[in-house]
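Only heavy atoms go into these numbers, but all of them, side chains included; no hydrogens, no water, no symmetry mates. Convention: sequence-line order gives letters A, B, ...; per-chain numbering from 1.
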There are 2 protein chains.
Amino acid sequence: MSEKEKCISCKKCNQKCPMDLKGADRRMANSKKMDYVLLGLLSHEPMTGYEMKKRLDTTLRFFWGGSYGSIYPTLNQLETEGKVTKEDTSSNGREKISYSITESGKETLKEWLKKPAEKDELRYETLLKLFFGNENGFEGAKEHIDCFEEKCRNELVVLNMFAENLMQYLENDTHKYYYLTVQFGIKTYEAYLDWCKEAKEQMKEWEKK
Amino acid sequence: MSEKEKCISCKKCNQKCPMDLKGADRRMANSKKMDYVLLGLLSHEPMTGYEMKKRLDTTLRFFWGGSYGSIYPTLNQLETEGKVTKEDTSSNGREKISYSITESGKETLKEWLKKPAEKDELRYETLLKLFFGNENGFEGAKEHIDCFEEKCRNELVVLNMFAENLMQYLENDTHKYYYLTVQFGIKTYEAYLDWCKEAKEQMKEWEKK
DNA sequence: AAATAATATATCAGTTTGATACATTTGTCA
DNA sequence: TGACAAATGTATCAAACTGATATATTATTT
């Protein structure tokens with residue numbers, strides 16, 4: 001039995017990976033990323049912590065996330081390190097702190113930008129439920145795919161709006177990079193939709209037999 | 001100025017999201033997922049913790065991960081809850097514990113499989129570096145894309161091998177679902193490569209002007 | 001026979017999440 | 001105008017997970 005013929009997914013078929021993955025460098029340093037995310041946002045313009053959260057939920061939502069629980073503590077840490085400065089812009093009773101990036105902060109950001117990306121990852125619960133779907137049958141699998149398909153369609157609507165909207169601001173340099181990431185989102189969601197269709201067709205084939 | 005004309009990426013252009021995202025249900029319950037991952041793996045066949053880690057690094061690597069730090073504690077917890085059973089299969093001095101799923105564990109897995117997926121997410125450091133790339137210039141952006149492109153090509157080689165290998169085992173039901181996830185991986189990595197090419201072309205256009 | 005790789009369990013500090021608490025300001029509509 | 005809802009804003013916490021590392025044995029290569 002050659003390496004290629006060995007099954008890679010269970011012991012019964014003599015489980016063996018057909019390729020050496022030891023150098024595949026998944027799971028690298030889990031170094032703190034929030035620093036760079038916040039410095040990056042502040043490199044565009046000064047803003048509050050609340051606003052950074054909003055950016056993460058709208059502009060960056062297709063490829064990165066973040067919660068208050070890491071935003072505010074990180075901002076304080078960055079201030080201690082002299083990489084951002086606070087400015088109290090409270091009006092009346094409402095607390096409001098506007099953050100700006102310092103030269104030192106810009107330096108830190110630039111250094112990070114020069115280094116290659118450590119880790120890109122997907123964490124698709126839909127795929128997880130599909131992979132273990134044997135206990136759930138084709139019907140269950142189809143439901144998960146339908147649900148995923150709908151989400152993708154919704155995301156595509158948003159992304160296409162973003163792209164259209166951005167067209168008017170492409171003379172702004174920072175927006176060029178934003179545009180590229182939006183195109184990435186569009187390309188991937190279109191691929192997902194494509195896969196949804198094919199996967200359901202494949203299951204129909206299997207059901208016939 | 002209509003909603004559509006407002007810029008969604010900075011304050012200068014009167015930042016406003018062209019779409020209401022409040023109901024977009026990003027960031028839902030961060031409930032423990034490792035339970036289900038391990039139960040899912042054990043629903044295929046009994047194995048050790050070490051082997052589960054290996055599966056995560058090979059078979060599931062394209063859409064899910066996991067570390068020893070959550071595998072072993074979760075296995076102990078699952079045993080306490082009666083959802084898996086331990087069997088000591090040590091030989092001589094080497095400790096070896098084989099885990100099996102119980103009826104109760106299968107029930108838990110099935111219930112989870114029936115519920116819709118809570119959250120699918122991308123965490124692409126490459127896109128992050130690209131988005132903040134203004135500080136780094138087109139040259140820097142291209143380097144990140146080249147690096148990403150190479151990773152994608154490598155992943156595609158592995159995935160195509162997986163697909164080819166799996167063809168021989170498609171009569172095995174659980175492998176059908178595995179096959180679908182591999183197809184997902186292939187589709188998405190192909191889309192990524194497509195985007196890499198277009199993004200670099202786009203940047204060339206911008207450079208001309 | 002020695003060195004290296006693979007198997008195997010286990011723990012820990014550091015990072016992030018999702019939820020929630022609390023308070024004020026703005027917008028809506030009756 | 002006044003009441004109510006939504007948006008703005010800061011902050012913290014338990015629970016989850018990662019990446020690294022420690023430790024030890026067995027299998028494979030040189």
**Study point:** Between C1' of D/dA11 and NZ of A/Lys86, the distance in whole Å
**Key:** 11 Å

Practice item. Please determine, by modelled atom types, if A/Asn136 and A/Lys129 share a side-chain donor-acceptor pair under 3.5 angstrom. Key: no

Study note, to complete from the structure: A/Leu56 CG to C/dT16 C1', in whole Å, measures 12 Å

Practice item. May I ask you to evaluate whether B/Lys53 reaches the phosphate of C/dA8, defined as a side-chain N or O under 4.0 Å from OP1 or OP2? Key: no

**Study point:** Value in whole Å for how far the C1' atom of D/dT8 lies from CD of A/Glu51
**Key:** 10 Å

Review point. Rounded to the nearest Å, what distance is computed from the CG atom of residue A/Asp57 to the P atom of nucleotide C/dA19?
Key: 13 Å

Check your understanding: Does any N or O in the side chain of B/Trp195 come within less than 3.5 Å of the main-chain N or O of A/Ile186, such that one atom is a donor and the other an acceptor?
Key -> no

Check your understanding: For the side chain of A/Lys33, counting heavy atoms from C-beta on, which of D/dG19, C/dT16, D/dC17 is nearest?
Key -> C/dT16

Exercise for review: For B/Glu125 and C/dT16, give me the distance from atom CD to atom P, rounded to whole Å.
Suggested key: 11 Å

Review point. If you check every side-chain atom of B/Lys32, which of D/dT8, D/dA16, D/dA11 has the closest atom?
Key: D/dA16

**Study point:** Contact under 4.0 Å: A/Tyr50 side-chain N or O vs D/dT8 OP1/OP2
**Key:** yes

Revision key, fill the gap. Winner on side-chain proximity to A/Tyr72, out of C/dA8, D/dT10, D/dT18, is D/dT10

Practice item. Give a yes/no answer on whether the side chain of B/Arg123 brings an N or O atom under 4.0 Å of OP1 or OP2 in C/dT17. Key: yes

Point to revise | Listed nucleotide nearest any side-chain atom of B/Thr48, set D/dA11, C/dG18, C/dT9 | key: C/dT9

**Study point:** Atom pair distance, as rounded to whole Å: CZ in B/Arg55 and P in C/dA8
**Key:** 12 Å

Review point. Do the side-chain N and O atoms of B/Asn134 and A/Thr174 include a donor-acceptor pair separated by under 3.5 angstrom?
Key: no

Point to revise | Phosphate-side-chain proximity, A/Lys54 and D/dA7, N/O vs OP1/OP2 below 4.0 Å | key: no

Exercise for review: Please report, rounded to the nearest Å, how far the P atom of C/dT15 is from the CD1 atom of A/Ile71.
Suggested key: 16 Å

Check your understanding: Is any NZ, NE, NH1 or NH2 atom of the basic residue among B/Lys187 and A/Glu198 found under 4.0 Å from an Asp or Glu carboxylate oxygen of the other?
Key -> yes

Review point. OP1 or OP2 of C/dT17 sitting under 4.0 Å from any side-chain N/O of A/Ser70?
Key: yes

**Study point:** Atom pair distance, as rounded to whole Å: OH in B/Tyr99 and C1' in C/dT7
**Key:** 15 Å

Point to revise | Lys/Arg-Asp/Glu bridge criterion (N-O < 4.0 Å) met for B/Glu135, A/Lys106 | key: no

Check your understanding: Base, sugar-phosphate, or nothing for A/Gly49, non-hydrogen atoms under 4.0 angstrom?
Key -> sugar-phosphate

Point to revise | DNA chain C: 5'-proximal contact among B/Gly69 and B/Ile97 (nearest heavy atom) | key: B/Ile97

**Study point:** Side chains of B/Tyr124 and B/Tyr192, donor plus acceptor under 3.5 Å
**Key:** yes

Revision key, fill the gap. Of C/dA8, D/dA11, D/dG19, the nucleotide closest to the side chain of B/Ser67 is D/dG19

Check your understanding: Does OP1 or OP2 of D/dA11 have a side-chain N or O of A/Tyr68 closer than 4.0 Å?
Key -> no

